[in-house]
Every structure is written in C-alpha cells, then in structure tokens.
Amino acid sequence: MATPLEKWVEEQAKLTKPNKIYWCDGSEDEARRLIEIGMKKEKIGDVPIFQELNQKSWPNAYYHRSHPTDVARTEHLTYVCHPDKEIAGPNNNWMHPDEAKEKMRKLSDGCMKGRTMYVLPYMMGHPDSPYAKACIQLTDVSYVAVSMRIMTRMSKKIIEKIGTREDFVKGLHSVGDFDPDKRFIMHFPDEHLVWSIGSGYGGNALLGKKCFSLRIASWLGFQEGWLAEHMVILGIEDPKGNVTYVTVALPSACGKTNLAMLESALPGYKVWTLGDDIAWLNVGPDGRLWAINPEAGLFGVAPGTSMKTNPNMLKTLKAVNFYPTLFTNTGLDTDTNEPWWEGLDGAVPKNLIDWQGKSWDSSSGSKVAHPNSRFTVSINNCPTLSKEFDNPKGVPISAIILGGRRTQLVPLVTESFNWQNGVYLGARTGSETTAAAAHQVGQLRRDPMAMLPFCGYNMGDYFRHWLNIGKKLTQPPKIFSVNWFRVDDEGKFVWPGFGENIRVLKWIVDRVHNRVKAKQTPLGLIPDAQDLETGGLNITKEKMAKLFEINAQEWKQELQDTEKFLNQFGSRTPSEIWQEHKKLAEQLDNNVSEFEDSIHYGDRGGA
Ligand code: GTP
Ligand code: SPV
Ligand code: MN
C-alpha cells in the first residue's frame with residue numbers, strides 16, 4: 001500500500017509529467033552527482049546550472065548564473081491563500097485557494113516534461129527538537145536540490161519519520177520556463193502547502209525557507225502559541241565567559257548575516273552564531289522565550305562581504321568541511337576562475353565578466369556582481385558556530401533587537417520601556433527597501449519586525465499575538481531598536497558598523513543584566529554617554545550626538561506614516577498599540593525639553 005507521501009508525489013508527477021522521479025537521500029555522494037548533472041546536463045538557456053570554480057582558493061565551490069529576470073524575491077507574485085481574505089490581511093496578496101489551485105494546475109500541467117523530479121526529504125529544525133517539522137519538497141532543478149541540502153537537514157531518514165502521516169509539510173516547485181508572467185509563489189497555510197512556479201531564486205524556490213519557515217510557520221505559530229520570525233540568533237560572550245542569547249530582526253539585506261557572525265572589535269567579547277535569518281520562538285516551561293534556528297545553512301548577500309567587514313564569513317566560505325558551497329550571480333575573474341563582487345578584498349581583477357556573463361569594464365558604470373548576488377554555504381562551516389546550535393531545546397533569549405535601514409531619523413540604539421512598548425516599537429519600524437526583492441531600492445516602507453513580506457496572516461492579528469506571547473512570559477526579553485545606517489550630510493554612514501556593532505550589543509547585554517542605567521527619551525531609553533564603549537573608535541562627539549539626534553518635527557511625520565500603516569488593519573490593530581502610539585505623540589509634543597537631553601548626546605554624560 002502506498003503511503004500518503006508516496007501518493008502525493010505520484011499525484012504531483014501525474015500533473016507535472018517529469019521524465020524521471022528521483023528520491024534524494026541527502027548524502028554527500030549524491031550532492032556530487034547532482035553537481036555533475038548540473039554541470040553537464042541541466043541548463044538555463046545555454047548556460048549550465050553549475051560551473052566549477054577554482055578549487056584551490058575556493059574549495060568545493062561552484063558558480064550558478066540565474067535567469068536574468070530571476071534574481072530576487074518577487075513580492076508582487078507571492079500570495080497567501082487563506083479561504084478568507086480578511087485572514088490574509090492587507091499585508092498579503094490574496095487569492096481564494098480554489099482559484100489559486102486552478103491557476104497553478106494549469107501552469108503546472110506538464111511543466112517538468114523532459115526533466116527529473118527530485119524528491120527532497122528534509123527537516124526544519126533538529127530532528128530531535130519538539131519544535132521541528134518534517135517536510136518534502138519536489139523540484140525540477142539540481143540547483144534547488146543542492147541548495148536545499150545545504151540550507152536544511154536533508155536525509156532519507158525523514159521519509160521514515162513521516163511514515164504514514166499525512167500532515168507533512170509539502171512544497172511543489174518547478175522553474176517552468178522562467179517566464180515572469182507565469183511566475184507565482186502560492187501559499188496554502190491550512191494544508192501546509194507551498195506551490196511555486198517560474199523562479200529558481202532563493203526565497204521563491206527554496207520552499208523550506210521564507211515560504212514555509214516564515215509565512216506558513218507564522219500562521220501555525222499564531223494558532224499554536226509560538227512565533228516564527230525573520231531573526232538572527234546569536235550568543236554574546238562577555239569577558240567573564242557568560243553568554244547572553246539575543247535575537248535580531250532586520251529586514252532583508254539589512255545586516256543579519258553580518259551581525260550573526262560578527263568579529264568583535266572589543267577585546268574579551270565574542271559572538272557565537274546560531275542562525276542568520278529565521279528564528280522559531282517558543283515560551284518555555286520556565287516562562288522564558290526559547291529560540292531555535294530551523295535552518296542549517298546560510299544564504300548570504302555577497303556584495304560588501306570582505307575580510308574587513310565579515311572575516312568569519314570568508315572563513316566559512318573557504319572551509320572545506322561541508323560539500324559544496326554555491327555562488328549565485330556574482331562576477332567571475334576569468335584569469336583565476338574565482339568569484340568576485342564589489343567590496344571583496346584586494347584590487348579589482350583585470351579580466352572580469354559580470355553576473356550576466358558579459359565582459360565588464362570599469363567605464364560601463366554597471367555592477368560586476370548583481371546587488372543581490374549570494375552564496376549558499378552550510379552553517380557547519382562557520383568558525384563561530386555556537387555549541388548550542390544542535391541543542392533541540394534551543395537557547396533562552398534575553399533580548400529582542402528590532403531594526404531597519406534608516407539613513408535619517410532613527411537613533412543608533414534605544415530600549416523600549418516594556419514588552420507592550422516594545423511591540424509598538426516593532427510595529428512602527430520602517431526600513432528603506434533593498435535589492436533582496438524586485439522593487440525600487442531605497443523606498444521607505446513600514447516593515448514591522450522585518451516581517452512585512454513574510455507574515456502569513458493579517459498583521460493586525462500578528463501584533464495581538466505578540467502582545468499575547470508577552471503575557472505568557474514570566475521573564476520576557478527586553479526589546480531594543482537599532483539602526484546602523486544613519487548617514488551624514490555627505491551621505492556617508494556615521495556609525496562604522498560591522499565588528500564595531502559589538503559596542504551596541506555590549507550596552508544591550510549590560511542593560512539586560514542591570515549593570516548600567518539609561519537615559520529616558522520619548523522613543524525609549526538610550527545609553528548614558530559613558531556607558532556606550534567608544535574607546536578606540538575614531539568618532540567625534542558631534543557624530544555620536546548625530547547618532548542619537550531626535551528631531552521632533554521629523555518624528556511627527558514618521559508617526560503620521562505609522563498611523564496610516566496601522567489604520568489599514570482596522571479594528572485588528574490592538575488598542576494597546578494605539579495607546580503606545582498616542583503616548584509617544586504626546587511626549588513628542590510636550591517633553592521637548594526632556595529630550596533636548598538626547599539631542600546634546602554626551603554633554604550630560606554621567607549625570
Ligand atoms: P537577507 O539575507 O536578505 O535577509 O539579508 P541580511 O539581513 O542577512 O543582510 P546582510 O548581513 O547580508 O547585509 C546586507 C548588506 O548590508 C551587505 O552589503 C552588508 O555589507 C551591509 N551591512 C551589514 N552590516 C552592516 C553595518 O553594520 N553597517 C553598514 N554600513 N552596512 C552593513
Ligand atoms: C531575504 O530576502 O530576506 C533573504 C533571502 O534572506 S531569501 O531567501 O530570498 O528570502
Ligand atoms: Mn532574510
């Protein structure tokens with residue numbers, strides 16, 4: 001008798017009509033065979049799926065060039081198909097599940113003709129974790145099969161784990177003919193099903209990642225009392241050897257991967273990596289919040305990655321442990337057969353081809369690497385991997401840090417007054433858009449908890465859910481906001497960022513353990529000047545003041561924009577959120593003298 005899993009695979013094959021069905025076992029041998037197939041047989045146009053890179057300088061590394069229209073997430077083609085539109089909310093594109101399935105059935109009919117259907121059994125989370133989920137993805141391209149082996153815990157054992165169960169997580173993926181007009185990423189939350197066609201790009205195609213572990217998992221979390229979040233998990237070790245665990249939500253291409261493996265600029269401090277993109281958060285029996293990373297790999301932005309900005313990532317990429325490492329849409333040095341991107345160490349190579357395979361010359365004014373070019377590498381290669389990474393229980397979280405990319409307005413760091421105020425802080429967070437999704441870059445939009453593109457249900461209900469989680473926590477983490485991206489009049493970043501961000505993390509840890517006091521502003525608490533370690537930093541007092549400047553007029557505009565955003569959710573926006581909003585608006589009106597204090601940051605240090 002066929003199991004529900006076997007039946008499901010058979011049904012999808014009947015629809016998509018592949019030449020062959022291949023069940024993956026997740027082994028290294030198999031990954032080698034898939035890479036071979038990708039180098040010799042499978043192609044996008046004339047371009048082979050994989051190209052071997054210089055194995056001496058980049059061990060186990062392979063290059064992939066995507067279809068030129070398929071380089072980022074496509075939020076406008078991404079739908080969350082709850083039976084009721086209100087449940088999806090104004091933050092999601094919606095289609096009725098029946099209509100969406102009909103559409104997808106038509107597009108998928110025969111879409112795998114001439115190709116192999118790969119059956120990928122994988123786990124999101126450690127197999128022994130009570131929070132982990134057993135999943136199956138079907139795909140018709142070796143790039144996605146190999147990427148999923150890097151990004152998840154893929155193993156044939158998952159098939160046994162699923163056994164005769166019907167409630168496994170399902171993903172049906174086909175690159176189709178890459179036609180952007182026939183590209184859709186459809187979510188059916190109640191069936192734990194993601195159906196994606198027309199794209200081979202990360203978040204559109206690696207269905208365990210954003211599609212399941214955020215959009216669908218956030219909906220499961222809403223129903224079951226936990227949170228699925230777009231967050232880094234890291235441990236901060238202080239000079240005494242104590243480790244404080246925190247999570248950090250920053251929108252796409254706003255610094256999570258960099259922060260997750262930060263090389264500390266402060267002696268005695270060390271960051272331990274647990275995750276760089278997704279956290280599942282559960283209320284433990286001890287009343288603390290516990291985090292696991294459902295993923296097992298890193299899908300990181302290449303441009304800007306160097307020994308100076310992120311040495312631990314370069315070490316990860318050059319490690320020889322886990323086979324293989326992939327580079328997608330970077331440039332190529334044709335003399336050395338090495339990947340190259342803007343910001344990489346060393347001189348610009350003489351002979352480069354760009355991410356589209358065209359020979360590049362500095363006068364062309366175009367980028368060598370696509371701004372959203374990426375690498376895919378196992379987290380097991382990471383030299384700063386925490387020894388708790390495989391702990392099925394996860395780690396207890398002492399602080400939640402929420403942020404965005406704001407060239408103006410938002411201070412370097414603030415601490416919220418309490419959980420409710422922190423949820424409001426998250427709800428009002430805005431960020432300037434990046435190349436991680438196909439849209440205009442640099443546009444300010446609200447991106448609450450960095451979840452705008454990933455919350456699989458009505459965001460008004462999501463805020464309510466956050467408030468409810470807070471009520472269940474007897475030891476709630478403190479909630480902070482950060483912004484590394486404020487610029488000066490010349491457009492240069494004021495804060496040095498990267499390894500220096502440890503200075504802000506240190507203050508946060510000090511606050512968590514009540515080691516320092518803080519200064520009150522309408523936005524929240526900010527460091528007393530002497531408590532933010534700036535020794536050895538080449539930064540003037542004026543610049544530090546700039547980082548904490550609060551401009552009441554500009555903040556009032558910001559609150560208007562926030563109000564417009566929150567109003568979209570009607571009565572679903574919790575009254576507690578409006579209470580906090582009113583409080584902040586009043587404070588900005590009345591307490592100008594009080595927050596004058598923060599404008600003159602540093603002058604009253606020690607008071
Ligand atoms: P996703 O994978 O899309 O979710 O992105 P992410 O949040 O992990 O962002 P990532 O760490 O890959 O950084 C994105 C870009 O921001 C890169 O080009 C980095 O070099 C840059 N960046 C990261 N941290 C900092 C920082 O502290 N300061 C500045 N100025 N830039 C940073
Ligand atoms: C992001 O865009 O937030 C990413 C890359 O982490 S993707 O997997 O495409 O979502
Ligand atoms: Mn991300």
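Whatever order the structure lists ligands and atoms in, that order sets their numbers, starting from 1. Count residues from 1 along the sequence. Computation of the quantities below employed the complete heavy-atom set of this structure, encompassing side-chain atoms and omitting hydrogens, waters and symmetry-equivalent molecules.
At a 4.0 Å heavy-atom cut-off, ligand 1 touches Phe485 through the side chain alone. Contacts between Leu259 and ligand 1 below 4.0 angstrom, taking non-hydrogen atoms only, are absent altogether. Contacts of Asn310 with ligand 1, taken as heavy-atom pairs under 4.0 Å, are absent altogether. Only backbone heavy atoms of Pro251 (N, CA, C or O) come within less than 4.0 Å of ligand 1; its side chain stays farther off. Contact annotation: for Lys492 versus ligand 1, there are no heavy atoms closer than 4.0 Å. At a heavy-atom distance under 4.0 Å, atoms from both the backbone and the side chain of Ser252 approach ligand 1. When heavy-atom distances to ligand 1 are checked against a 4.0 Å cut-off, Met231 has no atom that comes that close, whether in backbone or side chain.
For ligand 1, the polar-atom distance check against Gly497 finds no nitrogen or oxygen pair separated by under 3.5 Å. Checking only distances, Thr257 does come within under 3.5 Å of ligand 1, N or O to N or O. The shortest N or O to N or O distance between Asp277 and ligand 2 is below 3.5 Å. At least one N/O-N/O distance between Pro303 and ligand 1 falls below 3.5 Å. Checked against a 3.5 angstrom limit, the closest N/O atoms of Phe299 and ligand 2 fall outside it. Considering backbone and side-chain N/O atoms, Lys256 never comes within less than 3.5 Å of an N/O atom of ligand 2. Residue Asp276 has no nitrogen or oxygen atom sitting less than 3.5 Å from a nitrogen or oxygen atom of ligand 1, judged on distance alone. Of the N or O atoms in Asn501, one or more lie within a sub-3.5 Å distance of an N or O in ligand 1. Residue-to-ligand polar distances keep Pro496 apart from ligand 1: every N/O pair is separated by 3.5 Å or more. In terms of polar-atom proximity, Ala253 is counted as a contact of ligand 1, with an N or O under 3.5 Å from an N or O of the ligand.
For atom 4 (C) of ligand 2, the closest non-hydrogen atom on the protein side is Lys210 NZ, 2.8 Å. Among all protein heavy atoms, the one lying closest to atom 32 (C) of ligand 1 is Phe498 CZ, 3.2 Å. Residue, atom and distance of the protein heavy atom nearest to atom 2 (O) of ligand 1 are Arg374 NH1, 2.8 Å.
Take the N/O/S atoms of Asp277: the one nearest the Mn ion (ligand 3) is OD1.
Salt-bridge formation is detected for the pair Arg445/Glu75: a Lys NZ or Arg NE/NH1/NH2 atom is positioned less than 4.0 Å from an Asp or Glu carboxylate oxygen.
Taking the Mn ion (ligand 3) as the corner point, the angle from His230 atom NE2 to Lys210 atom NZ is about 90° (rounded to 10 degrees).
Considering Tyr457, Phe188, Phe222, Trp219 in turn, Trp219 is the only one that fulfils the ring pair (Phe, Tyr, Trp, His ring centres under 6.0 Å) rule with His82.
Scanning all heavy atoms of the two residues, the minimum distance from Ala450 to Phe454 falls at O-CD1, 3.7 Å.
Below 30°, between 30° and 60°, or above 60°: for Trp507 and Phe480 the angle between ring planes is above 60°, a perpendicular geometry. Classified by interplanar angle (parallel below 30°, tilted 30° to 60°, perpendicular above 60°), the ring pair Phe375/Phe327 is perpendicular.
With 2.8 Å as the limit, Lys256 does not count as an N, O or S neighbour of the Mn ion (ligand 3).
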